Q: 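Dropping the structure in here first, questions after.
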Amino acid sequence: LLCWEGSCERVSRTAGCSCRYRPRHGPMSTWSSSAAGPPGRPLRPLRGRSVRIVRGRPLRRVIGPSCSRHAAVVAHSTAWASQPVGSCKHFVNLTNGVEAVPFLQDHSIPFAFLRIQSSQCESQAMEKVMLELDSTLLLSLALGWPCVVWDYGSRNRKNVPLEGVPRAAWYGVEFIRYCLDKLWWESEASTPPPILRGHNVAREFDEKIQRFDKSTKKRIRYYRRWISRGSPPGVLLCAACKSTSNDGDYGYYRDLLQSRYSPMDVTEISPSDRIRACHAQPLPDFVAEAGYSLFTGGCNVSRIME
């Protein structure tokens, strides 16, 4: 059972490890002590240990019986498997996410608004992204609420694992989750590795977080005091996304929001048996039936692609 993180491969020999990542350099019998060089003699089986092969570097052992990062990945992915829709906090990302307002209202799902800008993610202005996060989102995550960001994207229409997932989700949500885990718990073992397009970018994300202004870190760490005692480490943040052809049409989004969210047009929808059943439905099933793509982290997208 093999797994890989970014530019290195890790071979786990621990019983019970269910990692499904595949090697990048062929069968294990062809791997040598230098992954960048020609095939050498097979690796000797190790019991209860893990070995890591880094390109151009000698073989070295990793202390510990199993991959702690892998345990965090499994815990993070399984946390969403049976999460009921009604037990989540829902947020609509401005601007394209406004298209999800009628769907959420028709299913009597309460929601709030936030803004994660894809342009800031593209320009690597991640400190601005963290400063613009809504206090409702940060407080909900600190209290242990699973939070879902609803958004629409105009790209990735043919990429099945990331179909309709905008940069604000696969980059912004991934960075927000990792940044909060690092600044709130400061434990690598409890933080799934951030994966962007199949590459482990933990080192790059750590450098960005270290360059944050002191006041920015203080603002983020303020919400750490609201974390419940005994709660498992790690925030639960994902994105439900869909493709759109209305990107940039601000008149369309303004008219849609005014017709469905203005004080004069909002109507109360009495909860019916169908609505109650919908709120009890697991989030992945609910999102899939509605035609959305559920992005729970880059590490889980890598598993789907394999």
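Here the structure is a predicted model, which means the values were calculated and not measured.
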Q: Could you note down all residue pairs passing salt bridge (Lys or Arg N to Asp or Glu O under 4.0 Å) where residues 119-130 supplies at least one of them, sequence neighbours left out?
A: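 Salt bridge (Lys or Arg N to Asp or Glu O under 4.0 Å) check on residues 119-130 returns no pairs.
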
Q: For residues Phe295 and Ala169, report the shortest heavy-atom separation together with the two atoms involved.
A: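 So the two residues come closest at CE2-O, 3.3 Å.
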
Q: Membership question, hydrophobic clusters at under 4.5 Å side-chain separation (ILVMFWY): are Leu237 and Trp226 in the same one?
A: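 Result: yes, single cluster for both.
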
Q: Can you give each donor-acceptor pair under 3.5 Å made by side-chain atoms of residues 133-147, sequence neighbours left out, with the distance rounded to 0.1 Å?
A:
from, atom 1, to, atom 2, distance (Å)
Asp134, OD2, Thr136, N, 2.8
Asp134, OD2, Thr136, OG1, 2.9
Ser135, OG, Tyr223, OH, 2.9
Ser140, OG, Thr136, O, 2.7

Q: Holding to side chain to side chain contact (heavy atoms under 4.5 Å, CB included), I want the full list of residues that pass it with Tyr252, two or more places apart in sequence or in another chain.
A: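 Here the qualifying residues are Glu99, Asn246, Asp249, Leu256.
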
Q: Between Phe205 and Met126, is any pair of side-chain heavy atoms under 4.5 Å apart?
A: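 No, too far: nothing below the 4.5 Å cut-off.
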
Q: For Arg221, what residues pass the salt bridge (Lys or Arg N to Asp or Glu O under 4.0 Å) criterion, not counting sequence neighbours?
A: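 Listed in chain order: Glu186.
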
Q: Has the side chain of Arg177 got a donor or acceptor atom that lies under 3.5 Å from a matching backbone atom of Val235?
A: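 No; judged by distance alone, with no hydrogens or angles, the pair does not exist.
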
Q: Look up atom CH2 in Trp185 and atom NZ in Lys182, then write down how far apart they are to the nearest 0.5 Å.
A: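 Reported value, rounded in 0.5 Å steps: 13.5 Å.
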
Q: What distance separates Gln117 CD from Arg167 CZ, expressed to the nearest 0.5 Å?
A: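 So the gap between those two atoms works out to 13.5 Å.
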
Q: Who passes side chain to side chain donor-acceptor pair (under 3.5 Å) against Glu204, sequence neighbours left out?
A: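 So Glu204 forms no side chain to side chain donor-acceptor pair (under 3.5 Å) with any residue.
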
Q: Under 3.5 Å, which donor-acceptor pairs do the side chains of residues 86-94 form with other protein atoms, sequence neighbours left out?
A:
from, atom 1, to, atom 2, distance (Å)
Ser87, OG, Gln83, OE1, 3.0
Ser87, OG, Pro84, O, 2.8
His90, ND1, Trp150, NE1, 3.0
His90, NE2, Val85, O, 3.2
Asn93, OD1, Ile116, N, 2.7
Asn93, ND2, Ile116, O, 3.2
Asn93, ND2, Asp151, OD2, 2.9

Q: Could you tell me the separation between the CE atom of Met130 and the CZ atom of Phe175, rounded to the nearest 0.5 Å?
A: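 If we round to the nearest 0.5 Å, Met130:CE and Phe175:CZ are 6.5 Å apart.
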
Q: Please report the interatomic distance CG(Leu283) to OG1(Thr296), rounded to the nearest 0.5 Å.
A: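 Answer rounded to 0.5 Å: 9.5 Å.
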
Q: From Ser108 OG over to His279 NE2, what is the distance, rounded to the nearest 0.5 angstrom?
A: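 One finds 5.5 Å between OG of Ser108 and NE2 of His279.
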
Q: Are Asp247 and Tyr152 close enough that a side-chain donor and a side-chain acceptor fall under 3.5 Å?
A: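 There is no such pair between these side chains.
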
Q: According to the interplanar angle, ranging from 0 to 90°, do the rings of Phe103 and Tyr292 count as parallel (below 30°), tilted (30 to 60°) or perpendicular (above 60°)?
A: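 Taking Tyr292 first and then Phe103, their aromatic rings sit tilted (interplane angle of 30° to 60°).
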
Q: Can you tell me how far CG of Asp106 sits from SG of Cys278, rounded to the nearest 0.5 angstrom?
A: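 Those atoms lie 10.5 Å apart.
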
Q: Do the side-chain N and O atoms of Tyr171 and Gln124 include a donor-acceptor pair separated by under 3.5 angstrom?
A: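 Tyr171 vs Gln124: donor-acceptor pair found between side chains.
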
Q: Only counting residues at least two apart or in another chain, list the ones meeting ring-ring contact (aromatic ring centres under 6.0 Å, His included) with Phe113.
A: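 Phe113 satisfies ring-ring contact (aromatic ring centres under 6.0 Å, His included) with Phe111, Tyr261 only.
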
Q: Can you name the residues that form a side chain to side chain donor-acceptor pair (under 3.5 Å) with Glu289, not counting sequence neighbours?
A: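 Scan of Glu289 (side chain to side chain donor-acceptor pair (under 3.5 Å), adjacent residues dropped) gives Gln281.
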
Q: So, the side chain of Ser118 versus the backbone of Ala168: is there a donor-acceptor pair under 3.5 Å, distance only?
A: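 Yes; at least one donor-acceptor contact below 3.5 Å.
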
Q: For Lys218, give me all partners under side chain to side chain contact (heavy atoms under 4.5 Å, CB included), at least two apart in sequence or on another chain.
A: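 Scan of Lys218 (side chain to side chain contact (heavy atoms under 4.5 Å, CB included), adjacent residues dropped) gives none.
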
Q: Might you work through the side chain to side chain contact (heavy atoms under 4.5 Å, CB included) test for Thr244 and Tyr253, ending with a clear yes or no?
A: CA-CA 12 Å; Thr244 181; Tyr253 292 112; 3.7 Å; yes

Q: Name all residues meeting the side chain to side chain contact (heavy atoms under 4.5 Å, CB included) criterion together with Arg225; count only those two or more places apart in sequence or in a different chain, and write none if there are none.
A: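 Scan of Arg225 (side chain to side chain contact (heavy atoms under 4.5 Å, CB included), adjacent residues dropped) gives Tyr222.
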
Q: Any idea which heavy atoms bring Cys179 and Ile209 closest together, and the distance?
A: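 Closest heavy-atom pair between Cys179 and Ile209: CA-CD1, 3.7 Å.
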
Q: Who pairs with Ser231 by side chain to side chain contact (heavy atoms under 4.5 Å, CB included), at least two apart in sequence or on another chain?
A: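 Expected list: Ile227, Ser228.
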
Q: Where do Gly234 and Asp181 come nearest, in terms of heavy atoms and distance?
A: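 The pair with the smallest heavy-atom distance is CA-OD1, 3.3 Å.
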
